[in-house]
Amino acid sequence: MKTLQYIFSALTLLLCLNACNNKEYDVPNEFSDAMWYTSKSNTNFNFADTMRVGLNSFIAFSDLSRGTVDHGWTIPTSAKFLAGEIENTVKDYTPYIVNEGETYSEEKSISVLFTEASGKNEAGEDSAFVVNLYNTFRDSVSFAGLDTMESVFENGLWTMNTDFYVKVYDTITVEIEIYKENGEKLENIMDSTVTHDIEFGEKIRFVDVTTKGEPDARLWKIGGVEFKDQEVLYTTNAMGRLSVSITSKREDQNLPNESKFLNLPSKINIVKSTKPFELSGEVVEMEDQTIKVAYNGLFETFTSAVGMDAFTVKVNGSDAAISSVMRNEDNNAQIDIKLAETIYSNDVVTVTYTGGLEATDGRVSGGFTDEVVKMHQVILHAPHVPTMEGDMYTPEGTTESNANATYELRDAPDGSGEKVFYMVKTSGPLQMNGKGSRFEMKKGKKYKISFNLWSEVNAKGFKIALFDHQWWTGVSIFNTNQFEGRQLNQWEHYEFVYDKTSDDQLASYFILQLGNNGPYHLKDLSIEEYDDRPVVE
């Protein structure tokens, strides 16, 4: 682009020459310059970028070029020219439409109303409308910005043929689908005369399938609870009509802002369940030693005394004193039992319930006898077969000097067909490092390491090391000869408990070092917090 600085410099030079020359001064031709602007322009905008607007919105285009010979705008056939001063509050642009049906204008500035969505092409990709600006100049010109465009010499003139791309977003039209727990789709949900009966406690799946208008977010309100996911699995928890609404919207700041609200026209009516009011899963111990009993419905409120009369708990076969039985206030389908004594992860705890407590939909709960409690455990590494794939575990000493070392998965030697970890070396002790299987240990807690080992040869003892600091400054916590007295060629179970007394809480890992060259077979390796009942001497 020729700048005004160059123009003023040239004019100054000409005036100086004229002052020094008595000959008459000839005025130069008007200079040429290419420049344009749109109402979507900003400091980060390339004119090759696609502009984005909503349906029935307009964009203003201005050609600020100088010295044009030919000039004209061409707009899409579905677009309209607007004229006049248009306030920001205007919703209907019909009164401002001019030259209805025309697609060409020689005005320097135009306002273009887009009345049709651009949609997708046959390949499913975004399509865009094109607004074209065609200018010719006697001189070579260029447009320099974040993108640079050069004129092309054609038919004796310099041509700037510029396309502006506009993606027009359709109006959002909300579409949802609703399914019962059994997968049955609710039909005619947009008909306000239709009622769907759903049993209390059933799950309903709500799915936002809106595509028209290309929204990128939504807000459900179901039974007074808000959800933002595209798909919501909702458990009914109150009798009567279930309120359902959704707002579908475009939130991305680079997209034209729009939102559409839909209040479900049809009625979803929650009715009394025909299913028995019964236990819905395992009875489990929580971290704080609360015993959780979950049912497939919501309990009416009851006193702790009534609850304590209905429940009996045994610990290792003996009756345990119950301190309270309450409905969980955050989850009314759950009953919380607290005992007067401490329970441990290796205890056998059973619960018996006589039944009789009522649900909020009027059903009476059934009882059960000697339901075993699943005790709380903190598992750092669940029982598994180690593998050298990835970086979870690495062998030690598999160098060229011991090239025949083997660490791999093989069929179990007991003929079960399961895969186990096989280790053998020609010399030196076998060692497996768990550098990639780090876990956190805390002061004041105990940790149990256990595994099953099949030995084909006698071992000279083995070592387990847990690293409390960095991996290069670890300490051996076991260095034992527990292989002595064990049987060969059968699975043997090993357990070790580590009492964490150091202050640090950095990531730890373990080393298993076997005191011979094998072969050995390993499986069911696990690490967990140790919470066993203390042994009474």
Side-chain angles (χ1 to χ4, degrees), residues 40 50-57 88-92 114 116-120 124-126 166-271 297-298 328-334 360-361:
K40 289 291 181 180
T50 299
M51 293 177 271
R52 302 173 186 277
V53 296
L55 187 64
N56 294 318
S57 299
N88 291 334
T89 56
V90 172
K91 300 296 183 183
D92 180 11
F114 295 92
E116 182 180 303
S118 48
K120 306 282 185 179
E125 302 168 334
D126 283 349
V166 181
K167 175 174 171 55
V168 182
Y169 284 78
D170 208 339
T171 302
I172 294 175
T173 301
V174 182
E175 292 185 66
I176 64 173
E177 294 177 352
I178 306 175
Y179 298 86
K180 291 184 177 180
E181 188 170 338
N182 62 6
E184 178 186 346
K185 184 178 180 180
L186 300 189
E187 302 293 344
N188 303 316
I189 59 174
M190 302 304 290
D191 186 343
S192 60
T193 65
V194 172
T195 298
H196 297 280
D197 288 337
I198 304 293
E199 291 192 4
F200 181 92
E202 290 288 313
K203 293 180 174 62
I204 309 176
R205 185 162 60 94
F206 297 87
V207 185
D208 177 14
V209 294
T210 305
T211 57
K212 190 174 181 181
E214 303 178 55
D216 60 0
R218 84 282 307 153
L219 178 65
W220 295 94
K221 288 189 177 181
I222 305 173
V225 182
E226 294 185 350
F227 305 90
K228 294 184 178 181
D229 295 329
Q230 182 177 1
E231 184 171 320
V232 177
L233 188 62
Y234 179 82
T235 302
T236 57
N237 55 26
M239 303 285 283
R241 183 174 180 178
L242 178 67
S243 60
V244 179
S245 67
I246 181 174
T247 301
S248 186
K249 49 191 173 180
R250 292 190 290 261
E251 285 189 336
D252 189 325
Q253 62 180 1
N254 296 314
L255 304 181
N257 181 265
E258 186 185 8
S259 65
K260 281 299 175 68
F261 173 80
L262 172 69
N263 191 42
L264 184 68
S266 64
K267 301 176 183 66
I268 295 180
N269 192 37
I270 310 304
V271 298
L298 305 181
N328 186 290
E329 291 306 313
D330 294 326
N331 180 3
N332 294 168
Q334 176 182 318
T360 54
D361 65 345

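Note that the coordinates shown come from a computational prediction; the quantities given were computed from them, not determined experimentally.
Applying the 6.0 Å contact sphere to NZ of Lys267 captures more than 12 heavy atoms from other residues, nucleotides or ligands. Within 6.0 Å of atom NZ in Lys120, more than 12 heavy atoms from other residues, nucleotides or ligands are found, so the atom counts as buried in its surroundings.
Between Glu214 and Glu258, every side-chain heavy-atom pair lies at or beyond the 4.5 Å cut-off. Side-chain contact check for Lys185 versus Glu177: some heavy-atom pair is nearer than 4.5 Å. Using a 4.5 Å cut-off on side-chain heavy atoms (C-beta onward), Ile268 and Ile204 make contact. Side-chain contact between Ile178 and Leu264 is present, with heavy atoms from C-beta onward closer than 4.5 Å. Side-chain atoms of Lys260 and Thr171, non-hydrogen and from C-beta on, do get closer than 4.5 Å to each other. Asp191 has its side chain out of reach of Ser266: every pair of non-hydrogen atoms, C-beta onward, lies at least 4.5 Å apart. Taking the side chain as every heavy atom from C-beta outward, Arg205 and Val232 never approach each other to under 4.5 Å. The side-chain heavy atoms of Ser57 and Phe114, taken from C-beta on, include no pair separated by under 4.5 Å.
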request  = Run the numbers on Tyr234 and Leu242 for side chain to side chain contact (heavy atoms under 4.5 Å, CB included), then give the verdict.
outcome  = CA-CA 11 Å; Tyr234 179 82; Leu242 178 67; 3.7 Å; yes
task = Take Phe261 and Ser245 through the side chain to side chain contact (heavy atoms under 4.5 Å, CB included) test and state the conclusion after the steps.
result = CA-CA 7 Å; Phe261 173 80; Ser245 67; 3.6 Å; yes
key: Residue pair Leu186, Tyr179: steps toward the side chain to side chain contact (heavy atoms under 4.5 Å, CB included) verdict   = CA-CA 6 Å; Leu186 300 189; Tyr179 298 86; over 6 Å; no
Side chain to side chain contact (heavy atoms under 4.5 Å, CB included) between Arg218 and Lys249, intermediate numbers included = CA-CA 6 Å; Arg218 84 282 307 153; Lys249 49 191 173 180; 5.9 Å; no
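When atom types are taken as modelled, the side chain of Glu181 and the backbone of Lys203 share a donor-acceptor pair closer than 3.5 angstrom. Of the possible donor and acceptor atoms, one in the side chain of Asp216 sits under 3.5 Å from a partner among the backbone N and O of Asp252. In this structure, the side chain of His196 engages the main chain of Glu187 through a donor-acceptor pair within 3.5 Å.
In this structure, Ile176 and Asp208 approach most closely via the heavy-atom pair CG2-CA, 4.4 Å. For the residue pair Asp361 and Met239, the shortest heavy atom distance occurs at CB-SD, 3.7 Å. Annotation for Arg52 and Asn254: closest pair CD-O, 3.5 Å, computed over non-hydrogen atoms. Looking at every heavy atom in both residues, Asn332 comes nearest to Glu329 through ND2-O, 3.5 Å. Here the closest heavy-atom approach between residue Ile270 and residue Phe200 is recorded as CG2-CA, 3.7 Å. Contact record, Pro256 with Val53: CG-C, 3.5 Å, taken as the closest heavy-atom pair.
Remark: Thr235 OG1 to Asn331 CG distance equals 9.5 Å, nearest 0.5 Å. Here the CG-OG1 distance, from Asn263 to Thr247, works out to 9.5 Å after rounding to the nearest 0.5 Å. Taking CG of Asn182 as the reference point, atom CD of Glu184 lies at 5.5 Å (rounded to 0.5 Å). Distance CD/Glu202 to CG/Asn237: 13.0 Å, rounded to 0.5 Å. In this structure, CD on Glu199 lies 12.0 Å from CG on Asn269, to the nearest 0.5 angstrom. For the atom pair Leu298 CG and Asn328 CG, the distance stands at 11.5 Å (nearest 0.5 Å).
No hydrogens or angles considered: nothing links the side chains of Arg250 and Tyr169 as a donor-acceptor pair under 3.5 Å.
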